[in-house]
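Structure, as structure tokens:
Note that the coordinates shown come from a computational prediction; the quantities given were computed from them, not determined experimentally. Convention: sequence-line order gives letters A, B, ...; per-chain numbering from 1.
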Amino acid sequence: SPGRLGSAHQYKAFQESIQRQHALNSLPSDLLVEKGSATYGINQFSDLAPELFRATYLCSKPSELPKYKPFDSEVKRLH
Amino acid sequence: LPTRFDWRDKNVVTRVRNQGSCGGCWAFSVVEVIESAYAIKGKPLQTFSAQEVIDCSYKDGGCNGGSPVSALKWLNQTKTRLVTESMYPFKAKTGMCHHFPMSTFGISIKGYQAYSFRHKEEEMMHKLLEWGPLIAVVDAVSWQDYLGGIIQHHCSPEESNHAVVITGYDRTGDIPYWIVRNSWGSTWGIDGFVHIKMKRNVCGIADSVAAGFV
């Protein structure tokens, strides 16, 4: 119930999480369900709206990096 | 290359941390690879201060986010010494940068490397063994609901948004996977770790990879 989980927002987020987790656990039939595939379910983030989760926990950006070339790296190291 | 390798087996990986509601994954990833690099050199395994990187890496955004490569660049250029976690504890919010006297124990990095290993995950395995644990920036949107198993779907190599540390890999089973350390506490995932399928740049694991040297 909302009272047990906290605010109405958290309760709504929790309900949406369950639906989302169900979707994540149901792979489309054209994709091979391989042994050992990840499972998704209720954890400590289940009462967070996805937007809030992203804003709070996903705060890094990739850098534009050169592609690794073994020879270049060796020359750089020797230099 | 061994079929399975994990730096945890060498006792050079510190305990899984919890960044709380601070968007400081980028700082945790940097500090964690430096801790391991230091221990790989035969020094005692100890935890260094992520809060110092959060507060002091001036080109990054503290708990609002940052880039591991930018933090490594800052550490390398300024030769800032990382002090221990006990000297500069984690507060889960951005604060003023503290400076310590030279007599305070700390370590600085000698250099760093940062590359894209897209389509070169075999080379990346070699570098994991050569350089120590690797920082990677990945798409972790679906990780909000992750419980365990090997991630093969539901993430994109084009939407990277979270910094983590690769400590090993396992090719003994049907699906080879990277062993990846997160900073969301040990109750998340597999004791704080996540497994990601190798060789297809799943979640962008090979796109933005870095290591620091001490």
Self-check item: Contact class of B:V209 relative to chain A, heavy atoms under 4.5 angstrom
Solution: backbone
Exercise. Tell me, with the steps shown, if B:W188 and A:F45 meet side chain to side chain contact (heavy atoms under 4.5 Å, CB included).
Key: CA-CA 9 Å; B:W188 179 87; A:F45 300 125; 3.5 Å; yes
Self-check item: Among the listed options B:H162, B:Q144, B:R118, the residue most often paired with chain A at heavy-atom distances under 4.5 Å
Solution: B:Q144
Quiz prompt | Gap between atom CD1 of B:I150 and atom OG1 of A:T39 - 0.5 Å precision | solution = 11.0 Å
Quiz item: For B:K79, does the NZ atom sit with more than 12 other heavy atoms under 6.0 Å from it, leaving out its own atoms?
Solution: yes
Quiz item: Does atom CD of B:E159 have more than 12 heavy-atom neighbours from other groups under 6.0 Å away?
Solution: no
Practice problem: Mind checking ring pair (Phe, Tyr, Trp, His ring centres under 6.0 Å) for B:Y88 and listing every partner two or more places apart, or none if nothing turns up? | Solution: B:H98, B:F100
Self-check item: Options B:G65, B:A163, B:G23, B:G148, ranked by heavy-atom pairs under 4.5 Å with chain A, top entry
Solution: B:G148
Quiz item: Checking B:N64 against chain A: side chain, backbone, both or neither under 4.5 Å from a heavy atom?
Solution: backbone
Quiz item: Which of the residues B:S116, B:A210, B:A136, B:P68 is involved in the greatest number of heavy-atom pairs with chain A at under 4.5 angstrom?
Solution: B:S116
Quiz item: When heavy-atom pairs shorter than 4.5 Å are enumerated against chain A, which of B:S29, B:G149, B:G185 gives the highest number?
Solution: B:G149
Quiz item: Say you draw a straight line from CE of B:M124 to OH of A:Y68; how long is it, rounded to the nearest 0.5 Å?
Solution: 12.5 Å
Quiz item: Nearest heavy-atom pair of B:H154 and A:L24: which atoms, and what distance?
Solution: NE2-O, 2.9 Å
Please set out all donor-acceptor pairs under 3.5 angstrom arising from side-chain atoms of residues 52-64 of chain A, sequence neighbours excluded.
{"from": "A:T56", "atom 1": "OG1", "to": "A:L52", "atom 2": "O", "distance (Å)": "2.7"}
{"from": "A:S60", "atom 1": "OG", "to": "B:G66", "atom 2": "O", "distance (Å)": "2.9"}
{"from": "A:S63", "atom 1": "OG", "to": "B:S67", "atom 2": "OG", "distance (Å)": "3.2"}

Self-check item: Interchain contact, B:E123 with chain A, by part (heavy-atom threshold 4.5 Å)
Solution: side chain
Quiz item: Can you tell me how far the OG atom of B:S208 sits from the CG atom of A:L65, to the nearest 0.5 Å?
Solution: 4.5 Å
Self-check item: Heavy-atom neighbours of B:H126 NE2 exceed 12 at 6.0 Å
Solution: yes
Quiz item: How far apart are the closest heavy atoms of B:D145 and A:Q21, and which atoms are they?
Solution: OD1-NE2, 2.8 Å
Quiz prompt | Ring geometry between B:Y146 and A:Y40 (parallel below 30°, tilted from 30 to 60°, perpendicular above 60°) | solution = perpendicular
Quiz prompt | Structural part of A:L48 lying under 4.5 Å from a heavy atom of chain B | solution = both
Quiz item: What residue in B:W184, B:W143, B:Y177 has the most heavy-atom pairs under 4.5 Å with chain A?
Solution: B:W184
Exercise. Select, from A:P50, A:S46, A:A38, A:S17, the one with the greatest count of heavy-atom pairs under 4.5 Å involving chain B.
Key: A:A38
